[in-house]
Amino acid sequence: MGKRGAQSRDEFSFVSPVVKYVLFFFNMIFWVISLVLISIGVYARMTKHAEAAMAHLTVDPATLLIVVGSLMFLITFCGCIGSLRENICLLQTFTICLTVIFLLQLAAGILGFVFSDKARGKVTEVINRAIVHYRDDLDLQNLIDFGQKEFSCCGGISYKDWSQNMYFNCTDSQTKSQFRSRESCGVPFSCCLRSEDKSVINTMCGYETQQLSDSKAGEVINTSGCIDKLVNWIHSNLFLLGGIALGLAVPQLVGIFLSQNLINQIKDQIQLQQYSVAHRSDPFR
C-alpha cells in the first residue's frame with residue numbers, strides 16, 4: 001500500500017493538460033497571424049522605392065504592419081514556448097506584456113474620450129502629413145483614396161487642404177509659375193461625386209475644383225472634410241466600435257487568465273516535487 005501510494009503521488013500533477021495546451025494553441029493561432037502580418041509588411045516595403053519609403057515612416061502602412069506583427073510574434077512566442085515547456089519566466093513575460101498592452105489600450109480609449117479635442121488635432125496632423133506625401137507612396141495613396149470614397153469626403157477639414165500637396169498646390173506662386181503641375185488647384189479623383197450609371201471613372205473630374213466656389217465645387221466633388229465625416233461615423237457606430245474593442249480585449253484577458261493560472265499550477269507542482277524529494281531523503285520528517 002505504501003509503495004502504491006508513493007507511485008500515485010509521483011504521477012499526480014497540478015499542471016492541467018487542458019490549460020497548458022489550450023494556451024499553447026491560443027498563442028499558436030496569433031503567432032501564425034503575426035507571421036502573415038510581417039510577411040505582408042516586408043513585401044510591401046520591398047516593392048517601394050527606398051527614398052519614398054523613408055520620407056514618411058510615421059504614416060507608412062507597411063511599417064505599421066511590420067511593427068505590429070513583430071511585437072505580436074515576440075509576445076506569442078513567449079506564450080507558445082512558455083506553455084509547452086512550462087517555463088515560468090516566459091509565461092510571466094507573456095502575462096506582463098499582455099497586461100501592459102491591455103492597460104495602454106484602455107488608457108488610450110479613456111484619454112481619447114476625455115481629450116477629444118486634442119485627439120482630433122492629432123488626427124488632423126496625421127491626415128495633413130498623409131496629404132503632403134500622397135504621391136510618394138502607392139500604399140498610402142490607395143489608403144487615402146479608399147477613405148475618401150467610403151466616407152464621401154475630401155481632405156482633412158475641407159477639400160482645399162489638398163493645396164498642401166505639391167501636385168495639387170493652389171497658391172498664387174504655384175498658379176503663376178511656368179512649372180505649374182497639370183493637377184494644380186485640383187483634388188484626387190476619389191473626391192469626385194460618384195455616378196452609378198457611369199462604368200468608366202473620369203480621373204480628371206477633380207481638376208481645378210479648388211478655384212471654384214464651394215457651391216460650384218459641390219456639384220462635382222465632395223466638399224466636406226474627412227475628419228467631420230469620421231467623427232459623425234464614430235458617433236453613429238458606437239455599439240459597433242464597442243463590440244470591436246470588446247473583441248480585442250477578450251482574447252487578451254483570456255490569455256492573461258490562462259497564463260496566470262498555468263503559472264500558479266507550475267509553482268504548486270514545483271512545491272509538490274520539493275516536498276516529495278524532502279520526504280524521500282528523510283522518511284521520518
Do V220 and L193 have side-chain heavy atoms sitting under 4.5 Å apart? no

Closest heavy-atom contact between C170 and S163? N-OG, 2.8 Å

Output all residues satisfying disulfide (SG to SG under 2.5 Å) with C192, sequence neighbours left out; order by chain, then residue number. C205

Atom pairs and distances, side-chain donor-acceptor, residues 68-75, under 3.5 Å, sequence neighbours left out:
from: S70; atom 1: OG; to: I66; atom 2: O; distance (Å): 2.7

For C78, give me all partners under side chain to side chain contact (heavy atoms under 4.5 Å, CB included), at least two apart in sequence or on another chain. L90, T93, F94

side-chain contact (heavy atoms from CB on, under 4.5 Å) evaluation trace for N87 with I81: CA-CA 8 Å; N87 187 298; I81 304 302; 5.9 Å; no

One should read off an interatomic distance between I88 CD1 and K267 NZ, to the nearest 0.5 angstrom, of 6.0 Å

Main-chain N/O of Q260 paired to N264 side chain as donor or acceptor, under 3.5 Å: yes

Heavy atoms of L140 and H133 approach each other most closely as CD2-O, 3.7 Å

Using the side chain to side chain contact (heavy atoms under 4.5 Å, CB included) criterion, which residues pair with K122? Sequence neighbours excluded. E125

Donor-acceptor under 3.5 Å (S184 side chain, F168 main chain): no

Can you give me every donor-acceptor pair (side chain of residues 233-240, partner residue at least two apart or in another chain, under 3.5 Å) with its distance?
from: S236; atom 1: OG; to: N232; atom 2: O; distance (Å): 3.0
from: S236; atom 1: OG; to: W233; atom 2: O; distance (Å): 3.1
from: N237; atom 1: ND2; to: W233; atom 2: O; distance (Å): 2.7

The reported gap from CG in L248 to CD1 in I101 (rounded to nearest 0.5 angstrom) is 11.5 Å

State, with a plain yes or no, whether a side-chain heavy atom of L91 is found less than 4.5 Å away from one of I266. yes

Worked verdict on Q105 versus Q252 for side-chain hydrogen bond (donor to acceptor under 3.5 Å, both in side chains): CA-CA 11 Å; Q105 290 174 346; Q252 295 174 16; 3.1 Å; yes

Pairwise distance CD1(I144) to CD1(I131) - rounded to 0.5 angstrom: 6.5 Å

Is there side-chain contact between F151 and N222, with heavy atoms separated by less than 4.5 Å? no

Can you name the side-chain hydrogen bond (donor to acceptor under 3.5 Å, both in side chains) partners of Q265, sequence neighbours left out? none

Partner residues of S158 under the side chain to side chain contact (heavy atoms under 4.5 Å, CB included) criterion, sequence neighbours left out: K160, D161

List in chain and number order the residues that pass salt bridge (charged side-chain N to carboxylate O under 4.0 Å, His left out) with D268, two or more places apart in sequence or in another chain; answer none if no residue qualifies. none

Between T223 and G218, is there a donor-acceptor pair closer than 3.5 Å when you use the side chain of the first and the backbone of the second? no

Could you grab the distance from atom CD1 of I157 to atom CZ of R120, nearest 0.5 Å is fine? 5.5 Å

Partners passing side chain to side chain contact (heavy atoms under 4.5 Å, CB included) against D145 (at least two apart in sequence or in another chain): Y134, Q141, Q148, P188, F189, S190

Taking only residues two or more places apart in sequence or in another chain, which ones pass side-chain hydrogen bond (donor to acceptor under 3.5 Å, both in side chains) with Q210? none

May I ask you to decide if I256's main-chain N or O and S259's side chain share a donor-acceptor pair within less than 3.5 Å? no

Beyond-backbone contact of R135 with E183, side-chain heavy atoms, under 4.5 angstrom: yes

Under the side-chain hydrogen bond (donor to acceptor under 3.5 Å, both in side chains) rule, collect the residues that match up with E150, sequence neighbours excluded. none

pair check: C153 + C226, SG-SG < 2.5 Å: yes

For R194 and S152, indicate whether the former's side chain and the latter's backbone hold a donor-acceptor pair under 3.5 Å. no

Mind checking whether L262 and S83 have side chains closer than 4.5 Å, heavy atoms only? yes

dist E208:CD -> C185:SG (nearest 0.5 Å) comes out at 7.0 Å

Would you list the atom pairs, donor with acceptor, under 3.5 Å between side chains in residues 20-31 and any protein atom, with sequence neighbours excluded?
from: K20; atom 1: NZ; to: E86; atom 2: OE2; distance (Å): 3.1
from: N27; atom 1: ND2; to: L23; atom 2: O; distance (Å): 2.8

CG on N165 to CG on N128, rounded to 0.5 Å: 11.5 Å

Do you know which two heavy atoms are closest between V132 and D136, and how far apart they sit? O-OD2, 4.4 Å

Beyond-backbone contact of W162 with C191, side-chain heavy atoms, under 4.5 angstrom: yes

